[in-house]
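Beneath this line is the structure, given in structure tokens, with notes to follow.
Reckoned from all heavy atoms, side chains included, excluding hydrogens, waters and symmetry mates. From a predicted model like this one, the values you see are computed outputs, not experimental measurements.
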Amino acid sequence: MRTNLNMPLPRVLRSSPLMDLGLLAAVGVAAGAFWEGPGVVVALLAGSITIPRLARTQQKQIRRCKTLRRLILQRRSMPRAHTNAHLAEELKTPINAIISFSALLMDDRHDPRKPAQGEYVQAIHAASRQLKMQLDAMLELERIQDGSLILQERDADPVELAHVALRLCQPEARAAGVLVSFAAGRDSVEIQGDIPRLQQILTNLIQTAIAAAPMPSTVRVSFIDAPQDGLSFQVETGTQKVFPANISMKHAAALAELHGGTLDLAPGLARVTLPAARVKRG
């Protein structure tokens, strides 16, 4: 036990170091003043109490130091990816609660609110969804980097994929006052890949474009033919603002690379290109 200078006097007197010192002093006084007879008995008695007590205190201190060193080494040896994934999982629970509660508040059929209140709730809902998307992207990036993510591939209509991505981004678009439009291609085309993750690429690009676009404005989504018979999804903000290099864009680039594609950025434009091996033309 350590002696705290702010302790009450009775507790200080009862603390282990002072008791040990007192017992040692008793041993010294007894051995020096009364070396024979009763003094020897007193010295032996005090020594038999003090020495084991000091040994136990020292052993406890050694064990505490070893435990502390072990915990520090474990913390230092823990992979950073594991730490990030654990943090993301911990944060998802309260964020999901905020999303659910804000969605409940947005349904004002039974409790109408003022327009300003509705806009505020809508902004909270969109921001919490955006944060959850960032956490999901962080978790999946860790899986991509450690090689544990396996693509589940099938064929899909890119037009349908784009429409689903647009619907998923509507809360953020409404909160930002941004209109999102989609222009489909003329040819009948199918793409092959992990459809939820291809959809996630497009969702990431659209949501990042919504955040970067001025209010009011229009974010335009389209897909066009790419060189060597590939296919490109384009998201345009109508400005010269460059897409930020945030976690969502890194996630989109990593997913595109898993599909053998690329993510290219230009002022006001993000383009994901899939190779010809993943495109089936009718």
Quiz item: Passes side-chain contact (heavy atoms from CB on, under 4.5 Å), Leu149 versus Leu255? Steps please.
Solution: CA-CA 10 Å; Leu149 180 64; Leu255 289 176; 4.2 Å; yes

Quiz item: If you take all heavy atoms of Pro158 and Phe233, which pair is closest and at what distance?
Solution: CB-CZ, 3.7 Å

Exercise. Please check if Leu205 and Val242 belong to a single hydrophobic cluster, counting links between Ile, Leu, Val, Met, Phe, Trp and Tyr side chain heavy atoms closer than 4.5 Å.
Key: no

Quiz item: Can you tell me how far the CZ atom of Arg129 sits from the NE2 atom of His125, to the nearest 0.5 Å?
Solution: 5.0 Å

Quiz item: Roughly how far, to the nearest 0.5 Å, is the CG atom of Asp136 from the CG atom of Leu141?
Solution: 11.0 Å

Practice problem: Heavy atoms only: give me the nearest Leu198-Gly193 pair and the separation to one decimal. | Solution: CD1-CA, 4.1 Å

Quiz item: So do Cys169 and Ile210 actually touch side chain to side chain, heavy atoms under 4.5 Å?
Solution: yes

Quiz item: Which of these, Leu168, Leu166, Leu161, sits in a side chain to side chain contact (heavy atoms under 4.5 Å, CB included) with Val164?
Solution: Leu168

Quiz item: If you draw a 6.0 Å radius around CD in Glu153, do more than 12 non-hydrogen atoms from other residues or ligands fall strictly inside?
Solution: yes

Quiz item: If you round to the nearest 0.5 Å, how far is OG of Ser232 from CD1 of Ile224?
Solution: 5.0 Å

Self-check item: Minimum side-chain heavy-atom gap Asp264-Leu269 below 4.5 Å
Solution: no

Exercise. Flag yes if Leu151 and Ile191 sit in one hydrophobic cluster, no otherwise; membership is Ile, Leu, Val, Met, Phe, Trp, Tyr, and two members link when side-chain heavy atoms are under 4.5 Å apart.
Key: yes

Quiz item: Would a 4.5 Å heavy-atom cut-off, applied to side chains only, mark Ser128 and Lys132 as touching?
Solution: no

Quiz item: Taking all non-hydrogen atoms of both residues, which atom of Ala126 and which atom of Ala175 are closest, and how far apart?
Solution: CB-CB, 3.6 Å

Exercise. Look up atom CD1 in Ile124 and atom OG in Ser102, then write down how far apart they are to the nearest 0.5 Å.
Key: 7.0 Å

Quiz prompt | Atom of Ala213, atom of Val178 and distance for their closest heavy-atom approach | solution = CB-CG2, 4.4 Å

Exercise. Could you tell me whether the side chain of Leu263 reaches within less than 4.5 Å of the side chain of Ile201, counting heavy atoms only?
Key: no

Self-check item: Val180 and Val221, any side-chain heavy atoms less than 4.5 Å apart
Solution: yes

Practice problem: Might you confirm whether atom CD1 of Ile150 has over 12 heavy atoms from other residues, nucleotides or ligands at distances under 6.0 Å? | Solution: no

Quiz item: Which residue, Glu140, Arg197, Gln200, forms the side chain to side chain donor-acceptor pair (under 3.5 Å) with His251?
Solution: Glu140

Quiz prompt | Shortest non-hydrogen contact between Phe243 and Val235, atoms and distance | solution = CZ-O, 3.8 Å

Quiz item: Would a hydrophobic clustering, with Ile, Leu, Val, Met, Phe, Trp and Tyr connected at side-chain separations under 4.5 Å, put Met133 with Ile98?
Solution: no

Exercise. In sequence, state the C-alpha distance, the side-chain angles, and the governing distance for Gln234 and Arg271, and then conclude on side chain to side chain donor-acceptor pair (under 3.5 Å).
Key: CA-CA 5 Å; Gln234 290 193 160; Arg271 180 187 295 117; 2.8 Å; yes

Exercise. Given side chain to side chain donor-acceptor pair (under 3.5 Å), test Arg64 with Gln61 step by step and report yes or no.
Key: CA-CA 5 Å; Arg64 283 195 293 266; Gln61 185 67 23; 2.7 Å; yes

Quiz item: Got a sec: does the CD of Glu160 have more than 12 other heavy atoms crowding it under 6.0 Å?
Solution: no

Quiz prompt | Donor-acceptor contact present, side-chain Asn204 to main-chain Met249, <3.5 Å | solution = no

Exercise. For Arg278 and His259, indicate whether the former's side chain and the latter's backbone hold a donor-acceptor pair under 3.5 Å.
Key: yes

Practice problem: Give, for atom CG of Leu231 and atom CG of Asp225, the distance between the pair rounded to the nearest 0.5 Å. | Solution: 7.0 Å

Quiz item: OG1/Thr218 to CG/Leu179 distance, rounded to the nearest 0.5 angstrom?
Solution: 4.5 Å

